[in-house]
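Everything numeric here is computed off the predicted structure, so don't read it as measured data.
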Amino acid sequence: MLASSKSKKGFILIVSILLAVGIFFSIGAAHRPTKTSYMHGSFTIDINDTAQLVGDADYVFVGTVTDEASPIYEDDLIYTPYTVDVLENIKGDLMTDKEIPILKFGGLAKDHSAYYVFEDDALPIVDKTYIFCAYAQEDGSLMVSGPRSNVELSTETTVQNESAAFRMASEYTEFQNAAQNQIVSDRERFVSIYEAKTDA
């Protein structure tokens, strides 16, 4: 009888734990945002002109997102940190021998009600490959901000054939051509601390 009572208590405990876990995940799913709110902005360049977009950025590169961190909230603004593996530089010379951090303007609201991004923009997704247009900040960090600041490649990238895959994407050709014909904007510029080291 005692063994039966212990088994019953054990069964009730397991069921209680499973119910608690189920409720936790149900609440989590219910609180996940289902909408994206688009921010409007005025820009000094025509963001639809890729030659101007490339010319305005400090660095343009192909990179695969390897990690995403929790958003940073600062003065009612949202920034999302990512880690990126730079596959190839289109403009500038960022290091390609190790992953580097970038900061993306936009992200999940503090109350988790929605994602906020600019119109014609999207938050990067881990394991996907993009062309990034990045701006060096005064402290040497890299900011990716604004419409078309990260453009997903239409061709899937594989570990076995990384280079050939992204070079076949139409977006890659578009940005390569834009780099050759870039319209450089007149603004204060800084140098990233993630530039490749050159031998003196």
Side-chain angles (χ1 to χ4, degrees), residues 43-45 47 49-72 74 77-107 121-200:
F43 303 94
T44 58
I45 61 167
I47 53 91
D49 183 343
T50 310
Q52 290 190 47
L53 189 65
V54 171
D56 193 52
D58 296 311
Y59 302 90
V60 180
F61 61 94
V62 181
T64 299
V65 179
T66 60
D67 193 27
E68 175 184 348
S70 299
I72 298 168
E74 189 176 294
L77 300 176
I78 308 168
Y79 303 92
T80 307
Y82 293 92
T83 305
V84 177
D85 180 15
V86 179
L87 304 179
E88 183 177 306
N89 289 291
I90 294 175
K91 176 182 178 179
D93 192 20
L94 295 173
M95 58 181 66
T96 57
D97 57 341
K98 64 180 180 179
E99 296 173 352
I100 65 171
I102 62 169
L103 204 57
K104 173 73 178 181
F105 184 79
D121 194 16
L123 294 171
I125 298 171
V126 172
D127 293 332
K128 289 190 175 290
T129 302
Y130 300 84
I131 293 178
F132 290 93
C133 296
Y135 295 81
Q137 305 299 291
E138 194 168 0
D139 65 357
S141 62
L142 290 170
M143 175 75 70
V144 175
S145 176
R148 301 183 70 217
S149 56
N150 51 266
V151 176
E152 185 179 352
L153 295 179
S154 56
T155 302
E156 286 298 322
T157 306
T158 62
V159 175
Q160 294 80 7
N161 199 15
E162 243 172 24
S163 180
F166 73 72
R167 286 179 180 156
M168 289 190 294
S170 59
E171 297 86 357
Y172 175 81
T173 302
E174 177 187 355
F175 276 82
Q176 279 284 4
N177 291 337
Q180 300 300 317
N181 301 285
Q182 61 182 297
I183 302 170
V184 180
S185 56
D186 182 18
R187 64 172 182 81
E188 186 176 12
R189 294 177 183 267
F190 302 101
V191 175
S192 173
I193 57 174
Y194 303 109
E195 281 204 351
K197 303 297 182 189
T198 55
D199 296 328

> Under 3.5 Å, side chain of Tyr130 to main-chain N/O of Ile125, donor-acceptor pair present?
Replying inline: yes
> Pick from Asp67, Leu103, Leu123: which one makes a side chain to side chain contact (heavy atoms under 4.5 Å, CB included) with Tyr82?
Replying inline: Leu123
> Can you name the closest pair of heavy atoms from Pro81 and Ile72 and give their distance?
Replying inline: CG-CD1, 3.8 Å
> Between Glu68 and Thr80, is any side-chain donor less than 3.5 angstrom from a side-chain acceptor?
Replying inline: no
Please set out all donor-acceptor pairs under 3.5 angstrom arising from side-chain atoms of residues 92-101, sequence neighbours excluded.
residue: Glu99; atom: OE1; partner: Thr66; partner atom: OG1; Å: 3.3

>> So Thr129 and Glu152, do their side chains get closer than 4.5 Å, heavy atoms only?
In response: no
> Do any pairs count as a salt bridge (Lys or Arg N to Asp or Glu O under 4.0 Å) and have a residue in residues 130-144, sequence neighbours left out, and if so which ones?
Replying inline: none
Kindly list each side-chain donor-acceptor pair under 3.5 angstrom involving residues 52-63, sequence neighbours excluded, with atom names and distances?
residue: Gln52; atom: OE1; partner: Asp46; partner atom: N; Å: 3.0
residue: Gln52; atom: NE2; partner: Asp49; partner atom: OD2; Å: 3.1
residue: Asp56; atom: OD1; partner: Ser185; partner atom: OG; Å: 2.4
residue: Asp56; atom: OD2; partner: Tyr135; partner atom: OH; Å: 2.7
residue: Asp58; atom: OD1; partner: Arg187; partner atom: NH2; Å: 3.0
residue: Asp58; atom: OD1; partner: Arg189; partner atom: NH1; Å: 2.8
residue: Asp58; atom: OD2; partner: Ala136; partner atom: N; Å: 2.9
residue: Asp58; atom: OD2; partner: Arg187; partner atom: NH2; Å: 3.1
residue: Tyr59; atom: OH; partner: Ser192; partner atom: N; Å: 3.0
residue: Tyr59; atom: OH; partner: Glu195; partner atom: OE2; Å: 2.5

> Got a second to check how far Tyr172's OH is from Ser154's OG, nearest 0.5 Å?
Replying inline: 13.5 Å
> Stepwise, does the side chain to side chain contact (heavy atoms under 4.5 Å, CB included) test hold for Val84 with Thr64?
Replying inline: CA-CA 6 Å; Val84 177; Thr64 299; 5.9 Å; no
>> If you define the side chain from C-beta out and look only at heavy atoms, does anything of Lys104 sit under 4.5 Å from Ser149?
In response: yes
>> Are Glu171 and Leu153 packed together at the side-chain level, in the sense that at least one heavy-atom pair is separated by less than 4.5 angstrom?
In response: yes
>> Working note: Arg148 + Glu174, criterion salt bridge (Lys or Arg N to Asp or Glu O under 4.0 Å); need CA distance, chi angles, decisive distance, verdict.
In response: CA-CA 13 Å; Arg148 301 183 70 217; Glu174 177 187 355; 3.0 Å; yes
> Does Asn150 use its side chain to pair, donor to acceptor, with the backbone of Ala122 at less than 3.5 Å?
Replying inline: yes
>> Looking at every heavy atom in both Asp121 and Pro147, which two are closest together, and how far apart are they?
In response: CB-CA, 4.0 Å
> How close do Gln182 and Ala179 get, heavy atom to heavy atom, and via which atoms?
Replying inline: NE2-O, 3.3 Å
>> Do Phe132 and Pro124 have side chains that approach each other closer than 4.5 Å (heavy atoms only, starting at C-beta)?
In response: yes
> Does the side chain to side chain contact (heavy atoms under 4.5 Å, CB included) test come out yes or no for Tyr194 and Leu142, once each step is laid out?
Replying inline: CA-CA 8 Å; Tyr194 303 109; Leu142 290 170; 4.2 Å; yes
> Given the rule in the side chain to side chain contact (heavy atoms under 4.5 Å, CB included) test, do Glu88 and Phe166 qualify, once you have shown the distances and angles that lead to the verdict?
Replying inline: CA-CA 10 Å; Glu88 183 177 306; Phe166 73 72; 3.4 Å; yes
> Under a 4.5 Å cut-off applied to non-hydrogen side-chain atoms, are Glu74 and Tyr79 in contact?
Replying inline: yes
>> Run Val151 and Phe175 through side chain to side chain contact (heavy atoms under 4.5 Å, CB included) and show every step you take.
In response: CA-CA 10 Å; Val151 176; Phe175 276 82; 3.9 Å; yes
